[in-house]
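Please read the structure below before turning to the comments.
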Amino acid sequence: MTTVPGQAPVLPQAYRHPYDPEPVRSTKARAVFALGLIGVLTGLFLGGAVPATIALVLARQARREAYASGGYLTGADWLRRGEQMARTGLVLTAAAVVAAVVIGVVRAADASFGHDFAPNFD
């Protein structure tokens with residue numbers, strides 16, 4: 001297969017109204033990504049639940065704003081990654097809580113209950 005020499009055909013670009021705003025990345029998308037990252041990194045220490053929850057709330061707001069903007073707010077990939085990391089942080093926090101409860105129950109089951117009296121006490 002050969003190609004014809006010369007310039008490649010260029011598709012005509014759609015014309016925009018001069019008063020249309022320029023597409024910009026949503027600042028909430030960056031915040032969601034950062035909070036999701038913090039949630040993942042601190043998820044095992046039980047501190048990841050707070051930033052992960054805030055990230056999910058902000059992601060919902062950012063999606064609503066992006067939909068209302070008609071395509072002039074970008075950053076959907078940052079939102080998606082931030083949400084995934086926030087959910088992972090919540091799962092890590094839940095796993096840490098379950099592990100702590102299991103360890104606590106096993107230790108409580110192993111401990112003796114009641115008073116420990118001397119051997120010669122009736």
### Query
Considering all heavy atoms of both residues, which atom of R30 and which atom of W78 are nearest to each other, and what is their separation?
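Here R30 and W78 meet closest at CA-CE3, 4.4 Å.
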
### Query
Among pairs that include at least one residue of residues 76-102, which meet salt bridge (Lys or Arg N to Asp or Glu O under 4.0 Å), considering only residues two or more places apart or in two chains?
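Every salt bridge (Lys or Arg N to Asp or Glu O under 4.0 Å) pair that includes a residue of residues 76-102, provided the two are not neighbours, is R63-E83.
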
Pair up each side-chain donor or acceptor in residues 35-62 with any protein partner under 3.5 Å, not counting sequence neighbours, and list the distances.
from: T42; atom 1: OG1; to: I38; atom 2: O; distance (Å): 2.7
from: T42; atom 1: OG1; to: G48; atom 2: N; distance (Å): 3.4
from: T53; atom 1: OG1; to: A49; atom 2: O; distance (Å): 2.6
from: Q61; atom 1: OE1; to: K28; atom 2: NZ; distance (Å): 3.0

### Message
So does V24 get a backbone contact from the side chain of T74, meaning a donor-acceptor N/O pair under 3.5 Å?
### Response
yes

Taking distance alone, no hydrogens or angles, what donor-acceptor pairs closer than 3.5 Å link side-chain atoms of residues 96-106 to residues at least two apart or in another chain?
none

